[in-house]
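The structure appears below as structure tokens.
So that the names make sense, note that chain A is the first sequence line, chain B the second, and so on, each numbered from 1.
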Amino acid sequence: MTRQLLVTSALPYANGPIHLGHLVEYIQTDIFVRYQRLRGHRVAYVCADDTHGTAIMIRAQKEGRSPEDLIADVASQHRRDFAAFGVSFDHYGSTNSASNLAVCTGIWKNLRARNLIVERKVDRLFDPVQKTFLADRFVVGDCPRCGTKDQYGDSCESCGSTYAATELKNPRSVHSGASPELRPSSQLFVRLEPLQPFLEEWTQRSGALQPEVANYLAGHFLDKPLQDWDVSRPAPYFGFEIPDAKGNFWYVWFDAPVGYIASTTDWCEKSGGSLDAWWKNPDCEIVHFLGKDITYFHTLFWPALLHVGGYQLPRRVQIHGFLRVNGEKMSKSKGTFVTAARYLEHLDPEWLRYYYASKLSDKIDDLDFQADEFVGKVNSDLVGRVVNLASRSARFVESTGLATHYPDDGGLFARGATAGEAIAAAYEACDFREAMRLVMTLADAANEYVERTAPWTIRKDPARADELRNVCTVVLNLFRQIVVYLQPVLPRLAERASGLFASPCDRWNSTTEPLIGCSIAKFEHMATRVEPERVKAMFVPEAAVPAPSASAPTPADANDALGKEPLAAQVSIEDFQKVDLRVAKIVAAEAVPEAKKLLRLTLSLGSGPTRNVFAGIKGAYEPERLVGRLVVMVANLAPRTMKFGVSEGMVVAAGTDGEVYLLSPDTGAKAGQRLH
RNA sequence: GGCAGGAUAGCUCAGCUGGUUAGAGCGGCGGCUUCAUAAGCCGUAGGUCGCCGGUUCAAGUCCGGCUCCUGCUACCA
């Protein structure tokens, strides 16, 4: 029976380049999609750029251009990267599209009709100079919990606490630097609690979710009243203005998943299909692939929107873990934050496809990229075992072609055909690791056959020409069977093999019927080996790489630190001089056991009493290794009483999102010296 | 803090509803081979299955407790 599947990958945010972590998902989805096509099913694979929100807006501002201009640039870059890795979207759209606005509007109307939208007056910060309400990230001030300066209006990067923008101390507008005023604003919320029974049923009993996900939702959200979801943001905001609430925009997480539908709509338009035949067709299986970080958006809000909007719910939500590199989080400073473009400068995309396939399971486990394992898998599995089969047999039959009857192979080909069922089941379950393992056992068996029959010996005896041809017919058929099984993972290898046989490797069914009598093209290498040095070169930290040529178009690739932390309002030299920065020596350092992030530092300023300072750097520095080191401290910061004691100053460090880099003076600086 | 997941050979992982000497791939070691992109084949060594206790004729597999790792967390419980 021919199935019909509508498959999506999560929409990448239009605020940065695609990197190896993204590619886990797109490659995983693409393998699934190609597998389904290989089986003869009808598949639509749609995706889009997620383009709205504050971060995009801020970045566009910093770069002095319109958000539309920015997202167009990033979109073309994303498309190029995906194409290079063979990700075979049927349509790649944008959430900033007419179709998306239309679908959002439709769902919104239904939410209104079901009385699921409530409006509440909330006091929000208002910029009296710009005469606009300020989104959370357009306000900076001191964290109400720990006092850290220059924190956004949603959460503190130092202590991790979250709060309302109105709680910030000494708040300022990012636009004008003015102190915002409190003004009542009407915010719109989606009420989720009335949908509780539906969500309970769908998450716990539909079978769409992996069991650990269902457990997570049951224990986290469904066991108590669901909170209303704040879906509006006041202008200015890059996004869609809410049609019946002028001056308010849909929060990016409202219109982002709707982009799946919009992109499907656009694809239907372009290909002559209709949404009724796809998303709204109960026989069409909708499958979402996404990372575990965005689980609840896709398993609570999104089904709620679909349900109310009158759209079919996903049949399956396939969630994967994060990519780590050599056991650690990806890190720019360690060079393990590798963009797609950077990978392509060094390595072949099919290698990564195979490597990921050999590691991916249907679990939510993180996937660890290990350089030496990568080299080993590619070189020994792909080249040594699979491609080598063709390479050690094809040349012998270039002139004669394959035998006209399939010879006795001791049941090898039949065994391979039977194994197809288990391989198919593994693909279907997204247990690609298992699929690769099974395929490799077939390759092992084929190599043993070559060893046993020793065609290089047969060849020496002209009287045994038929036997030589028979043996090679077997080996090449086993090779071809394997290549078809690997086609979802290695489409380019399959194409090259197709050229060898002058017969496409594009149908799963062809694995049950040996190819006979056909000619064999001149053998050419189908895959190259990885040189370990090239992998090593890819992981050289950016800073150590010679500056790229000036002609390279880099705007979209620019470091996004500014976007994450916009420049603060201008200050005078007098303002700056109020802050007394000093070189300080760490004379003692210890972890605060009860705290997640804090180290207790004892700092010397050369003379006078030492200072006790808490620093949120536990995750990045070993206390023992800090002792004796010089750092920069804010020496005249008002003491602050914290849970674990009084902090008498602050150690300055750079970094966002959990990265922390302490500053060190050059050699020769002495504790106590002031910074000017 | 809560929750979820994990902890099995040097590395990456299988081990379903408890049942004979715990498996695979890679890596290691020893041979063989030379058709092939120094590829391939054969053999071999490696594990007190995180720790403690319990249920059972029998536990990696079930139950309780603990330790460590990872992730998530809608002020959080």
Considering every strand shown, what is the Watson-Crick or G-U wobble mate of [N] when both distances are under 3.5 Å?
{"N": "C68(B)", "answer": "G6(B)"}
{"N": "G19(B)", "answer": "C57(B)"}
{"N": "C75(B)", "answer": "none"}
{"N": "A38(B)", "answer": "none"}
{"N": "U44(B)", "answer": "G28(B)"}

Taking the side chain of [X] as its heavy atoms from C-beta onward, which of [options] lies nearest to it?
{"X": "Asp444(A)", "options": "C41(B), A36(B), G71(B)", "value": "C41(B)"}
{"X": "Trp456(A)", "options": "U33(B), G25(B), U37(B)", "value": "U33(B)"}
{"X": "Leu226(A)", "options": "G25(B), A74(B), U12(B)", "value": "A74(B)"}
{"X": "Phe322(A)", "options": "C41(B), C72(B), G5(B)", "value": "C72(B)"}
{"X": "Asp365(A)", "options": "U12(B), G5(B), G71(B)", "value": "G5(B)"}

Touch check for [X], heavy atoms < 4.0 angstrom, all strands: base, sugar-phosphate only, or nothing?
{"X": "Gln227(A)", "result": "base"}
{"X": "Lys359(A)", "result": "sugar-phosphate"}
{"X": "Glu434(A)", "result": "nothing"}
{"X": "Leu389(A)", "result": "nothing"}
{"X": "Gly376(A)", "result": "nothing"}
{"X": "Met526(A)", "result": "base"}

Without swapping roles, check the side chain of Tyr26(A) against the backbone of Ala10(A) for a donor-acceptor pair under 3.5 Å.
-> yes
Should [X] be listed as having a side-chain N or O under 4.0 Å from OP1 or OP2 of [N]?
{"X": "Arg395(A)", "N": "U37(B)", "result": "yes"}
{"X": "Arg433(A)", "N": "U12(B)", "result": "no"}
{"X": "Arg452(A)", "N": "C42(B)", "result": "no"}
{"X": "Gln370(A)", "N": "C26(B)", "result": "no"}

Any chance CD of Glu428(A) has more than 12 other-residue heavy atoms, nucleotides or ligands included, within less than 6.0 Å?
->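 Count over threshold, so yes.
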Output, in order, the C-alpha distance, side-chain angles, deciding distance and verdict of ring pair (Phe, Tyr, Trp, His ring centres under 6.0 Å) for Phe369(A) and Phe374(A).
-> CA-CA 7 Å; Phe369(A) 185 108; Phe374(A) 174 84; 5.1 Å; yes
Could you tell me whether the side chain of Asn388(A) has a donor or acceptor atom within less than 3.5 Å of a complementary atom in the base of A39(B)?
->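 Under the 3.5 Å cut-off, the side chain and the base do not form any donor-acceptor pair.
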Indicate, yes or no, whether a donor-acceptor pair under 3.5 Å links the base of G5(B) to the side chain of Glu212(A).
->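 There is none.
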Near-ring test Trp108(A)/Phe254(A), centroid separation under 6.0 angstrom | yes
